[in-house]
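Note: hydrogens, waters and symmetry copies are ignored here, and every other heavy atom, side chains too, is used.
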Amino acid sequence: MPSACDLIIDDIEDMVSANDPTPHERQFARKNVVPRSRRRKQDQQTTEELQTDSVIPGTQKIWMRTWGCSHNSSDGEYMAGQLAASGYKMTDDPLQADVWLLNSCTVKNPAEDHFRNSIKKAQEQDKKVVVAGCVPQAQPRMEYLKGLSVIGVQQIDRVVEVVDEAVKGHSVRLLGQKKDNGRRLGGARLDLPKIRKNPLIEIISINTGCLNACTYCKTKHARGDLASYPVEELVERARQSFQEGVCEIWLTSEDTGAYGRDIGTDLPTLLWQLVEEIPEGAMLRLGMTNPPYILEHLEEMAKILSHPRVYAFLHVPVQSASDSVLMDMKREYCADDFAHVVDFLKEKVPGITIATDIICGFPGETEADFQETLDLVQKYRFPSLFINQFYPRPGTPAAKMEQVPANVKKQRTKELSALFHSYNPYDHKIGERQKVLVTEESFDAQYYVAHNKFYEQVLVPKNPEFKGKMIEVDIYETGKHYMKGRLVEDSPVITPSIAQPLQRGEVSGLTQDLKACGENGLHGPSLAPSLQKASSWGSLDSENLKQLSVGFAILAILVVFILEKIY
């Protein structure tokens with residue numbers, strides 16, 4: 001007969017009743033109750049020992065690893081923020097962690113392989129494991145996920161509950177969809193606390209899911225159909241981010257171009273309202289959009305991409321230049337549609353950067369099909385090109401198609417990569433003077449990384465005064481993926497932040513009262529029903545806090561009384 005700890009519980013509510021003390025209440029009581037000792041007679045023997053919980057949720061260290069897209073990264077930041085606000089300590093050292101939170105990506109086989117290997121490594125080291133992201137959402141019954149706690153992609157606002165139960169040895173799975181009057185919602189609230197990986201960059205998911213049914217895509221199985229966030233919520237999230245010192249916003253989703261089609265609005269409407277919130281010197285970067293949903297907005301998109309506070313950058317995946325292959329992929333556009341998008345934007349937004357994706361070796365791709373793709377890359381010489389060898393993902397229609405031999409896929413990937421590396425897109429820019437926004441440190445830690453208006457990478461001297469600021473540089477050297485710039489003497493330095501940026505690891509979206517709760521190891525999300533119902537983490541008023549304090553005081557008195565009786 002399996003033990004209670006081996007059972008998989010479909011929902012937290014199956015285990016925890018409304019009358020049970022919250023983790024916060026338990027934590028508060030332990031910190032504030034000192035039991036009195038009672039002197040025993042020397043000859044009095046006893047074998048009875050005071051029994052206490054050996055595991056207190058909220059006191060452990062958590063290491064989190066995220067794979068995949070910026071949408072996944074945003075989800076990871078939200079989960080880290082909630083855990084930190086609840087008293088857990090986020091660590092960069094997996095060996096020091098008690099719990100591994102693994103946020104997965106299902107786009108390609110290698111990403112899932114790394115995810116599976118990380119689970120095995122955690123189990124070998126006797127770490128508690130909680131899994132999240134697209135892999136368990138799309139394939140929750142995979143053998144290697146058995147017995148693990150799972151957080152669905154629309155359930156990240158309940159990560160604290162799931163981790164609490166995992167710490168106690170329970171296996172919990174939350175994979176449901178969020179709905180409002182039957183309409184699917186975009187996901188967790190945007191006003192949740194988060195820890196930005198880079199305090200200067202805010203990643204905002206504007207919608208989840210998409211309208212496509214690409215035959216190779218596994219992400220659709222996890223993220224589902226399109227569900228957009230309301231414009232006003234996205235604008236408020238951007239406004240809050242700038243108030244916390246952010247100087248760059250990334251918009252992300254499975255398809256930003258399809259935004260709003262489910263709620264009666266569209267992407268340009270959202271973008272024009274967001275632009276009004278961007279302070280001078282700060283920038284907005286658009287995420288990936290598929291060709292079908294950008295075609296009808298080209299005129300407005302050209303105007304928006306020309307705005308001085310919006311990067312003239314757009315990621316539009318073509319995947320193949322063969323109409324035959326695109327039809328088998330069910331991409332819902334032809335190669336001429338993609339070319340029209342690129343030609344139109346290049347004409348209306350001079351200098352714009354168009355990034356694209358290509359899949360090599362899709363089932364049925366002939367040499368002639370592949371040659372069309374080579375010709376497209378040769379024509380446009382994309383400065384940013386993501387080349388992917390085709391991997392058949394389980395459960396997708398493409399996995400059942402006749403596959404291109406592995407050696408042919410490898411050869412085509414190699415050939416396309418060689419073409420991409422045969423040209424240097426930035427050589428003609430040596431000697432240019434550019435304004436760039438400095439946001440991060442280079443991989444080798446030798447430079448700071450900045451981006452110009454066209455979101456081209458510019459390496460600048462590692463001067464701490466430049467971080468988070470817009471500066472003017474002269475380009476003196478270029479490489480395949482970057483330029484190098486030196487500061488123009490006596491040029492103005494623009495500080496776009498309207499507030500001091502948060503420190504690395506600091507939780508976004510908390511009031512001072514809630515920050516204190518997190519620092520003291522108290523479970524923020526479980527404080528009380530009044531907090532659960534608050535419209536945002538920053539809206540807990542003094543009356544609610546007063547009620548909480550009174551409740552905790554009564555609880556402490558009761559615990560003292562019980563302990564006195566025991567002794």
Side-chain angles (χ1 to χ4, degrees), residues 69-71 186 203-214 217 219-220 223 225-229 231 234 249-275 283-307 309-321 323 325-327 329-359 373 376-377 379-380 382-386 453-455:
C69 63
S70 54
H71 193 164
I203 306 172
I204 303 179
S205 304
I206 64 174
N207 55 264
T208 187
C210 69
L211 295 174
N212 289 3
C214 300
C217 182
T219 305
K220 177 80 173 190
R223 298 284 184 179
D225 292 327
L226 179 70
S228 305
Y229 287 97
V231 170
L234 294 166
I249 285 183
W250 297 358
L251 301 186
T252 185
S253 75
E254 282 65 61
D255 187 349
T256 58
Y259 170 79
R261 286 174 172 246
D262 57 320
I263 57 174
T265 186
D266 54 39
L267 182 60
T269 299
L270 169 65
L271 294 177
W272 283 124
Q273 292 200 36
L274 284 174
V275 162
M283 297 295 289
L284 174 70
R285 193 194 81 171
L286 275 65
M288 185 275 287
T289 177
N290 285 311
Y293 307 111
I294 203 68
L295 279 166
E296 66 188 70
H297 300 310
L298 282 178
E299 288 280 359
E300 284 299 295
M301 290 304 298
K303 295 176 184 176
I304 291 166
L305 292 168
S306 298
H307 193 283
R309 297 175 191 174
V310 178
Y311 286 118
F313 167 89
L314 199 61
H315 179 193
V316 189
V318 64
Q319 305 301 7
S320 173
D323 287 346
V325 174
L326 290 173
M327 185 176 296
M329 291 179 173
K330 287 193 174 179
R331 289 290 288 167
E332 299 182 6
Y333 59 89
C334 62
D336 283 346
D337 291 333
F338 174 81
H340 175 62
V341 170
V342 176
D343 292 340
F344 183 92
L345 292 176
K346 279 182 170 291
E347 178 187 352
K348 299 292 185 180
V349 190
I352 187 174
T353 296
I354 300 292
T356 196
D357 300 1
I358 289 175
I359 296 174
T373 298
L376 182 80
V377 174
K379 175 183 178 181
Y380 289 110
F382 301 102
S384 183
L385 178 62
F386 303 95
K453 162 67 177 172
F454 309 106
Y455 203 69

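- Going from atom CG of Leu270 over to atom OH of Tyr229 covers 13.0 Å, rounded to the nearest 0.5 Å.
- Looking at every heavy atom in both residues, Leu305 comes nearest to Lys453 through O-NZ, 3.0 Å.
- Of the inter-residue distances, the one linking Ile358 atom CD1 with Leu385 atom CG reads 5.0 Å to the nearest 0.5 angstrom.
- In this structure a side-chain-to-backbone donor-acceptor pair under 3.5 Å is missing from Ser306 to Val349.
- A pairwise comparison of heavy atoms in Phe382 and Val377 identifies CE1-CA, 4.1 Å as the closest pair.
- In this structure, the side chains of Met288 and Thr256 stay at 4.5 Å or more apart for every pair of heavy atoms.
- Ser205 places no side-chain N or O within 3.5 Å of a backbone atom of Asn207 that could act as its donor or acceptor partner.
- Taking Thr269 as the reference, Thr265, Asp266, Gln273 meet the side-chain contact (heavy atoms from CB on, under 4.5 Å) condition, with sequence neighbours excluded.
- Residues passing the side-chain hydrogen bond (donor to acceptor under 3.5 Å, both in side chains) test with Asp337: none are found, sequence neighbours excluded.
- Take Arg309 and apply the side-chain hydrogen bond (donor to acceptor under 3.5 Å, both in side chains) test, not counting sequence neighbours, and it matches no residue.
- Nearest heavy atoms, Ser228 versus Asp262: OG-OD1, 2.6 Å.
- A donor atom on one side chain and an acceptor atom on the other are not found under 3.5 Å apart for Asp323 and Tyr333.
- Under the 4.5 Å side-chain criterion, counting only non-hydrogen atoms from C-beta, Thr289 is in contact with Asp255.
- Applying the salt bridge (Lys or Arg N to Asp or Glu O under 4.0 Å) rule to pairs touching residues 291-306 yields Arg261-Glu296, Glu300-Lys303, sequence neighbours excluded.
- His315 meets the ring pair (Phe, Tyr, Trp, His ring centres under 6.0 Å) test with Phe386; sequence neighbours excluded.
- Val231 has its side chain out of reach of Leu274: every pair of non-hydrogen atoms, C-beta onward, lies at least 4.5 Å apart.
- Listed by chain and residue number, Tyr311, Phe313, His451 satisfy the ring pair (Phe, Tyr, Trp, His ring centres under 6.0 Å) test with Tyr455 (two or more places apart in sequence, or in another chain).
- Residues Ile304 and Pro268 are in side-chain contact: their nearest non-hydrogen atoms beyond the backbone lie under 4.5 Å apart.
- Residues Gln319 and Val325 are not in side-chain contact: their nearest non-hydrogen atoms beyond the backbone lie 4.5 Å or more apart.
- Minimum heavy-atom separation, Arg331 to Pro291: NH2-CD, 4.3 Å.
- The side-chain contact (heavy atoms from CB on, under 4.5 Å) test applied to Cys217 returns Cys214, Thr219, Lys220, not counting sequence neighbours.
- With sequence neighbours left out, the side-chain contact (heavy atoms from CB on, under 4.5 Å) criterion links Ala321 to Glu372, Thr373, Leu376.
- If you take CG on Leu298 and CD1 on Ile294, they are separated by 6.5 Å, rounding to the nearest 0.5 Å.
- Partners of Asp343 by side-chain hydrogen bond (donor to acceptor under 3.5 Å, both in side chains), not counting sequence neighbours, listed by chain and number: Tyr380.
- Annotation: the span from Trp272 atom CH2 to Leu267 atom CG amounts to 11.5 Å, rounded to 0.5 Å.
- Residues Met301 and Phe344 fail the side-chain proximity criterion, which asks for heavy atoms closer than 4.5 Å.
- Between the side chain of Ser384 and the backbone N or O of Ala355, no donor-acceptor pair lies under 3.5 Å.
- Here the options are Asp336, Val341, Val342, the test is side chain to side chain contact (heavy atoms under 4.5 Å, CB included), and the partner is Phe338; only Val342 passes.
- Between Leu251 and Arg285 the shortest side-chain heavy-atom distance does not fall below 4.5 Å.
- Counting only heavy atoms from C-beta outward, the side chains of Asn212 and Tyr293 approach each other to under 4.5 Å.
- With values rounded to the nearest 0.5 angstrom, Leu286 atom CG is found 5.5 Å from Leu284 atom CG.
- Contacts classified as side-chain hydrogen bond (donor to acceptor under 3.5 Å, both in side chains) and involving residues 345-356 (residues at least two apart or in different chains) are not found.
- Looking at Glu254, its side chain never comes within 3.5 Å of a backbone N or O of Cys210 through a donor-acceptor pair.
- The side-chain hydrogen bond (donor to acceptor under 3.5 Å, both in side chains) check on Ser70 picks up Thr252, with sequence neighbours excluded.
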